[in-house]
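Order of the sequence lines sets the chain letters (A, B, ...), proteins ahead of strands, with each chain counted from 1. For the numbers below, each heavy atom of this structure counts, side chains included, while hydrogens, waters and symmetry mates do not.
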Protein chains: 2
Amino acid sequence: MTMTYPRLDRDGTEPLWMQLMRALRATIESGEFGADRPLPSEAELTDMFGVSRTVVREALRELVQQGLIYKIKGRGAFVSPRKTELNFIGSMSGSADDLRESGRRVTTQTIRQSLGEADEREAALLRIPPGEQVVRLRRLRRVDGQPWLLVDTALPARLVPGLERAVLENQSLYDLLRRRYGIEPAAADRWIEAAFPNREDAALLEVSTSTPLLGIESVAWMPDDTRFEAYYALHRSDQTRFYVGIR
Amino acid sequence: MTMTYPRLDRDGTEPLWMQLMRALRATIESGEFGADRPLPSEAELTDMFGVSRTVVREALRELVQQGLIYKIKGRGAFVSPRKTELNFIGSMSGSADDLRESGRRVTTQTIRQSLGEADEREAALLRIPPGEQVVRLRRLRRVDGQPWLLVDTALPARLVPGLERAVLENQSLYDLLRRRYGIEPAAADRWIEAAFPNREDAALLEVSTSTPLLGIESVAWMPDDTRFEAYYALHRSDQTRFYVGIR
DNA sequence: TGGGCAGACCTGTCATGACAGGACGGCGAT
DNA sequence: ATCGCCGTCCTGTCATGACAGGTCTGCCCA
């Protein structure tokens, strides 16, 4: 067992379990472990990181939830076989702007970025009065050069002052929200349907208007229940199906 | 606080946290609590049920995961507003045959039920050799009389001897698997795409062949990693969108 | 009347300990 | 060589305790 890990920061604000989860996740994603290879046992991890078994279990539980590992009672934890599909729908970190790269070239082009007034739908999702200021983004996600996802996002302007002028190209919106505005996502609701694109959307996604696409509506909120993001996305599932892992 | 709860069985095999989760869930689903109403605090629940806070937290965590409740630090846990959509994709209990009823009349008609040999796709999903015996089910789910979901399921015959002759009408397949075969689901992988139905499927679902539907492929397994179920489902999202809650 | 502070109550994090039961390997007996 | 048993190691469950920090209410003072 030759793994080396960063020391966990006991004085910071980030919980130990989260730091540990990140460290393990980084190792797994580095490719150091192949599919179905065992991780160190819980007891070993408590020794290696100098934390309690509670912390280790919490970190591992999260990795199981994310589908990166699986656990078998009496045997241990193992690295899950690599998913070729992207866990976009079923993971918070898999949101439109925080898509995990799986050896694919992912680019994001911002088509529109403006201030506006929340319409009825946006207001209902974001739990704000209709007409309240929102920042609206329209972005096109490409995977290996192919259009893949077209997302229309609305965020309450009062939460993200200046976002309508920020540089967003190939940026993770969630990172930006976290660093600049202290927005920590806690949970999201998502609704999925099959839909046809209109003429404009079809052109952007380079499909015909009779191509069936996945439509995903989403609203996300912070730990204090404040809705900070609503989006509607069109996805070309003819290219890549959406994966959801249930743990 | 006038709630009455069943006593938890300390001598059985079912973990206390799971029993508690079920009890709370039953209360919530009975309608006794309205949306956003507070649950008893963790401390109160430990007193009421005579269990440790660990057990209470585990039960509540599971309910949060299922989207039935939400928690706010410093304030407590609250009943989530009732979802009108069914949590089919993102929940193990929301599998094709264990759909939660939300005040809707749900019926299931078995169209086909037979023994067969696993084809390449079934074999890959179930991790069995092609040609191995599988039980195949084709079922049509109706909600309020409207066709809603058409599911083709394959299960390794060696795990479910006699299932091809069992009475399945309006039965929960998961209940049956649990009671008769001791099959306990642990996790699942699911893939979602937009698709068109073929002529036969379109007729069953009462749509045209140019109606876009959601296609869901799924494989589920037990704690020992044995794949016990694979299905492909077509869903009419023109009727009801699919909901996924991220917690 | 309004604002600030303290205390009580809440969930979140973490440590420690114990026991149950599943998995696996080694050893001994047949 | 094979099978069964035992010991060790593993995760799962559960209890207990402590502390941090968020929330809310009531009280006191200006």
Side-chain angles (χ1 to χ4, degrees), chain A residues 1 8-22 24 36-65 69-79 182 184 186-187 221-226 247, chain B residues 1 8-22 24 36-65 69-80 182 184-187 221-226 247:
Chain A
M1 194 55 61
L8 304 188
D9 175 13
R10 286 177 177 275
D11 301 318
T13 57
E14 190 174 46
L16 295 175
W17 67 263
M18 191 175 283
Q19 295 178 53
L20 177 54
M21 179 206 72
R22 290 191 199 279
L24 293 175
D36 298 311
R37 290 290 302 278
L39 264 69
S41 72
E42 289 174 3
E44 283 169 340
L45 290 170
T46 64
D47 288 342
M48 288 159 64
F49 286 90
V51 292
S52 71
R53 191 177 163 213
T54 310
V55 170
V56 168
R57 292 187 63 75
E58 189 68 29
L60 293 180
R61 190 190 63 79
E62 185 65 25
L63 291 175
V64 167
Q65 182 67 29
I69 67 172
Y70 60 96
K71 293 173 114 187
I72 302 182
K73 182 174 173 182
R75 289 179 60 191
F78 304 83
V79 178
E184 293 284 349
W221 59 92
M222 298 188 264
D224 69 355
D225 232 35
T226 304
R247 302 290 185 268
Chain B
M1 194 55 60
L8 305 187
D9 174 13
R10 287 178 176 273
D11 300 318
T13 57
E14 189 174 44
L16 294 176
W17 67 263
M18 190 175 285
Q19 293 178 54
L20 176 54
M21 179 207 70
R22 289 190 200 281
L24 293 174
D36 300 310
R37 291 289 302 277
L39 264 69
S41 71
E42 291 175 0
E44 283 168 338
L45 288 170
T46 64
D47 288 342
M48 288 160 64
F49 285 91
V51 292
S52 71
R53 192 177 161 211
T54 309
V55 170
V56 169
R57 292 186 61 77
E58 188 70 28
L60 292 181
R61 189 189 63 80
E62 185 66 26
L63 290 175
V64 167
Q65 180 68 28
I69 67 172
Y70 60 95
K71 293 173 113 184
I72 303 183
K73 183 176 172 181
R75 290 177 60 193
F78 303 83
V79 177
S80 295
E184 292 285 349
W221 59 90
M222 296 188 265
D224 70 355
D225 231 35
T226 303
R247 300 290 184 267

Novice: Which pairs, protein N/O on one side and nucleotides 18-20 of chain C N/O on the other, fall under 3.5 Å?
Specialist:
{"from": "C/dA18", "atom 1": "N6", "to": "A/Arg53", "atom 2": "NH1", "distance (Å)": "3.4"}

Novice: When you get a sec, tell me which of D/dT13, C/dC10, C/dT13 is the closest nucleotide to the side chain of B/Arg57?
Specialist: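 Taking heavy atoms from C-beta onward, the closest nucleotide is C/dT13.
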Novice: Once rounded to the nearest 0.5 Å, what's the spacing between atom CG of B/Asp9 and atom CD of B/Gln19?
Specialist: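 Answer rounded to 0.5 Å: 5.5 Å.
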Novice: Round to a whole Å and report the spacing from CE of A/Met21 to P of C/dC14.
Specialist: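 Distance, rounded to whole Å: 12 Å.
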Novice: Considering only heavy atoms from C-beta outward, does the side chain of B/Leu63 approach that of B/Leu24 to under 4.5 Å?
Specialist: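 B/Leu63 reaches B/Leu24 side chain to side chain.
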Novice: Would you mind telling me which of C/dC10, D/dA15, D/dT11 lies closest to the side-chain atoms of A/Lys71?
Specialist: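 Among the listed nucleotides, the one closest to the side chain of A/Lys71 is D/dT11.
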Novice: If I take atom CZ from residue B/Arg53 and atom OG1 from residue B/Thr46, how far apart are they, to the nearest 0.5 angstrom?
Specialist: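 Answer rounded to 0.5 Å: 9.0 Å.
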Novice: Return the set of residues passing side-chain hydrogen bond (donor to acceptor under 3.5 Å, both in side chains) with A/Ser52 (not counting sequence neighbours), or none when no residue passes.
Specialist: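 Not a single residue meets the side-chain hydrogen bond (donor to acceptor under 3.5 Å, both in side chains) criterion with A/Ser52.
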Novice: Any idea which of C/dT13, C/dA15, D/dA15 is nearest the A/Val51 side chain?
Specialist: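 Nearest nucleotide to the side chain: C/dA15.
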Novice: Given atom CD1 of A/Ile72 and atom P of D/dC10, what is their separation to the nearest angstrom?
Specialist: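 These atoms are roughly 15 Å apart.
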Novice: Can you tell me how far apart CD1 (A/Ile69) and CZ (A/Arg37) are? Round to the nearest 0.5 Å.
Specialist: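 The distance works out to 15.0 Å.
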Novice: Can you measure A/Leu39 atom CG to D/dT11 atom P for me and round it to whole angstrom units?
Specialist: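 In whole Å, D/dT11 P lies 10 Å from A/Leu39 CG.
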Novice: If you look at every strand shown and take non-hydrogen atoms under 4.0 Å, does B/Arg61 touch a base, only sugar-phosphate, or nothing?
Specialist: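 No contact at all - B/Arg61 keeps every heavy atom at 4.0 Å or more from the nucleic acid.
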Novice: Hey, are the side chains of A/Thr54 and A/Trp17 touching, using non-hydrogen atoms and a 4.5 Å cut-off?
Specialist: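 A side-chain contact is absent here, since even the closest heavy-atom pair is not under 4.5 Å.
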Novice: Going by the side-chain contact (heavy atoms from CB on, under 4.5 Å) test, name the single residue among A/Val56, A/Leu20, A/Val55 that passes it with A/Phe49.
Specialist: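 Answer after filtering A/Val56, A/Leu20, A/Val55: A/Leu20.
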Novice: Expressed as a whole number of angstroms, how long is the span from A/Phe78:CZ to C/dC24:C1'?
Specialist: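 It works out to 11 Å between those atoms.
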Novice: Toward the 5' end of DNA chain C, which comes first, B/Gly76 or A/Val55, by nearest nucleotide?
Specialist: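 Of the two residues, B/Gly76 wins.
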Novice: Without decimals, in angstroms, what is the distance between A/Leu16 CG and C/dG12 C1'?
Specialist: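 From A/Leu16 CG to C/dG12 C1': 12 Å.
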Novice: Could you state the atom-to-atom distance from CG of A/Asp11 to C1' of D/dA20 in whole Å?
Specialist: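 Roughly 14 Å, once rounded to whole Å.
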Novice: Do B/Val51 and B/Leu8 come within less than 4.5 Å of each other through their side chains, counting heavy atoms only?
Specialist: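 B/Val51 vs B/Leu8: side chains touch.
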Novice: With side chain to side chain contact (heavy atoms under 4.5 Å, CB included) as the test, would you mind laying out the steps for A/Met21 and A/Gln65 before giving the verdict?
Specialist: CA-CA 11 Å; A/Met21 179 206 72; A/Gln65 182 67 29; over 6 Å; no
Novice: Give the nucleotide from the list C/dT13, C/dA15, D/dG12 with an atom nearest to the side chain of A/Glu42.
Specialist: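 So the nucleotide nearest the side chain must be D/dG12.
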Novice: Measure from the side chain of B/Ser41, starting at C-beta and using heavy atoms only, and say which of C/dT16, C/dT13, C/dT11 lies closest.
Specialist: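 Of the candidates, C/dT11 comes closest.
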Novice: So what does A/Thr54 touch, heavy atoms closer than 4.0 Å: a base, only the sugar-phosphate, or nothing?
Specialist: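 If one applies the 4.0 Å heavy-atom cut-off, A/Thr54 turns out to touch a base.
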Novice: Pick out the pairs of N or O atoms, protein on one side and nucleotides 5-7 of chain C on the other, that lie under 3.5 Å.
Specialist:
none

Novice: Toward the 5' end of DNA chain D, which comes first, A/Ala43 or B/Met18, by nearest nucleotide?
Specialist: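 So the residue in question is A/Ala43.
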Novice: Could you state the interatomic distance from CE (B/Met18) to CD (B/Glu62), rounded to the nearest 0.5 Å?
Specialist: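 Rounded to the nearest 0.5 Å, the CE-CD separation comes out at 7.0 Å.
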Novice: In whole Å, what is the span from the CG atom of B/Leu60 to the P atom of C/dT11?
Specialist: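 Roughly 8 Å, once rounded to whole Å.
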Novice: How many Å lie between CZ on B/Phe49 and P on D/dA15, as a whole number?
Specialist: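 In whole Å, D/dA15 P and B/Phe49 CZ are 13 Å from each other.
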